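Only one structure is covered here, and it is reproduced in the block below.
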Amino acid sequence: MGVFDLIKKEFLLAKGKEKIPLLYSHFSFIVRNKEIQEFLAKDEYERVRIFIFLNTVDQKILALGKDDISVEVRTIVAEKARNTAVLDFMANDPSLAVKRIVAKSVYISNDTALKLARDPAISVKVEIIENKKQFILNNEIFYSLVDGNSSFLLLKILEKDILLGEQICYILDRCKERSVLFKILAHKSTPRDVLERFFDSNPEDVMNNRSLNPFTKIFLRTIVLAKQDGSKVTYSDLLKN
């Protein structure tokens with residue numbers, strides 16, 4: 001009888017907590033042998049399955065836990081999975097915690113990111129916005145995050161420096177709440193014609209724009225003071241330079 005068969009027999013005879021000492025006594029063999037990992041990944045005792053998924057990087061073994069009854073196991077799998085098909089499957093998980101972990105992964109595809117961007121949970125959407133793969137630049141994903149959503153989510157989007165000018169305008173067309181407008185006028189990707197349009201009503205906010213150089217801000221401050229004194233000085237050419 002081989003080592004695998006001997007260890008398998010030990011686990012079949014053991015019950016519940018009795019299996020934990022076996023995991024550690026056979027640790028070196030278990031972490032090197034995919035056959036025993038596959039066998040134990042289906043064990044009825046949750047702590048055994050957790051042990052296996054914590055101690056493997058094999059993607060085929062991890063895939064076995066994608067629909068495990070244990071949320072803790074699925075959480076571990078979501079954190080370690082690199083297979084896009086497995087992650088796409090887990091994007092439908094009933095657990096919000098699991099979906100949030102999937103949304104953080106740089107290994108998810110655009111289709112999976114779009115699915116999660118449409119998820120009703122705001123916390124899942126936030127993870128897509130924060131994802132290092134910059135899914136926010138995909139217009140279909142961007143529109144799904146913006147349309148019909150709260151100013152909180154719009155503010156989270158506007159914290160990203162990577163936005164495109166047309167995306168800024170898209171948000172502006174849908175929400176002009178003070179907090180959102182403030183972020184838009186400060187954003188370095190906001191088009192100059194938008195800054196010009198709001199200069200009369202929101203001069204201080206426009207001068208907070210991160211794309212304007214210090215000299216332009218000095219000139220704009222001069223224009224504000226001149227207008228306060230009744231001057232008809234213009235500023236459009238200045239903003240366009």
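Everything numeric in this text was worked out from a predicted model, so none of it was measured.
- A distance-only check finds no donor-acceptor pair linking the side chain of T216 to the backbone of L212 [under 3.5 Å].
- Formation of a donor-acceptor pair under 3.5 Å by the E159 side chain with backbone atoms of K183 is not found in this model.
- Considering L158, L153, I141 in turn, L153 is the only one that fulfils the side-chain contact (heavy atoms from CB on, under 4.5 Å) rule with I129.
- D93 pairs with exactly one of K99, R100, R74 by the salt bridge (Lys or Arg N to Asp or Glu O under 4.0 Å) rule, that one being R74.
- Within a 6.0 Å radius of OH in Y107, other residues, nucleotides and ligands contribute 12 heavy atoms or fewer.
- No donor-acceptor pair under 3.5 Å is formed between the side chain of E127 and the backbone N or O of V124.
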S189 and D161: side-chain contact (heavy atoms from CB on, under 4.5 Å), yes or no, with the steps?
CA-CA 7 Å; S189 296; D161 285 339; over 6 Å; no
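- Side-chain N or O atoms of N110 include none that pairs as donor or acceptor with a backbone N or O of N138 at under 3.5 Å.
- More than 12 heavy atoms of other residues, nucleotides or ligands sit less than 6.0 Å from atom CG of L13.
- With K133 contributing its side chain and I108 its backbone, the two residues share a donor-acceptor pair below 3.5 Å.
- Residue R32 comes nearest to S28 through the heavy atom pair NH1-O, 3.0 Å, listed as atom of the first residue, atom of the second, then distance.
- Between F4 and F39, the angle of the ring planes goes over 60°, which puts this pair in the perpendicular group of the 30/60° scheme.
- Residues N149 and K125 share a closest heavy-atom pair of OD1-CE, 3.7 Å.
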Please determine whether salt bridge (Lys or Arg N to Asp or Glu O under 4.0 Å) holds for the pair R118 and E140, giving the CA-CA distance in whole Å, both sets of side-chain angles, and the decisive distance to 0.1 Å.
CA-CA 10 Å; R118 291 170 174 167; E140 192 174 9; 3.5 Å; yes
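- If you run side-chain contact (heavy atoms from CB on, under 4.5 Å) between L172 and each of T190, V194, V180, only V194 comes through.
- A cation-pi arrangement is absent between R47 and F51 under the rule of less than 6.0 angstrom and at most 45 degrees off the ring axis.
- Residues R82 and L87 come closest through the heavy atom pair C-CD1, 4.5 Å.
- Side-chain contact check for E166 and N139: no donor-acceptor pair (N or O, by modelled atom type) lies under 3.5 Å.
- The salt bridge (charged side-chain N to carboxylate O under 4.0 Å, His left out) test applied to E130 returns K156, K160, not counting sequence neighbours.
- For the pair L163 and L137, the tightest heavy-atom approach, listed with the atom from each and the gap, is CA-CD2, 4.4 Å.
- Defined by atom type and a distance below 3.5 Å, a donor-acceptor pair is present between the side-chain atoms of N209 and S211.
- Judged by distance alone, with hydrogens and angles left aside, the side-chain atoms of E38 form no donor-acceptor pair with the main-chain N or O of E35 at under 3.5 Å.
- For the pair K19 and Y45, the NZ or CZ position fails the cation-pi test of under 6.0 Å to the six-membered ring centre and within 45 degrees of the ring normal.
- In K176, the NZ atom is crowded: over 12 heavy atoms of neighbouring residues, nucleotides or ligands sit closer than 6.0 Å.
- A donor-acceptor pair under 3.5 Å is formed between the side chain of N131 and the backbone N or O of K104.
- Of the possible donor and acceptor atoms, none in the side chain of T56 sits under 3.5 Å from a partner among the backbone N and O of I52.
- With hydrogens and angles disregarded, no donor-acceptor distance shorter than 3.5 Å links the side chain of S105 to the backbone of I101.
- Here the shortest heavy-atom pairing between V146 and I171 reads CG2-CG1, 4.1 Å.
- One finds a salt bridge joining R178 and D205 here, because a Lys/Arg side-chain nitrogen approaches an Asp/Glu carboxylate oxygen to under 4.0 Å.
- Within a 6.0 Å radius of NZ in K217, other residues, nucleotides and ligands contribute more than 12 heavy atoms.
- Scanning all heavy atoms of the two residues, the minimum distance from L64 to F53 falls at C-CZ, 4.2 Å.
- The closest donor-acceptor contact from the side chain of Q37 to the backbone of V31 lies under 3.5 Å.
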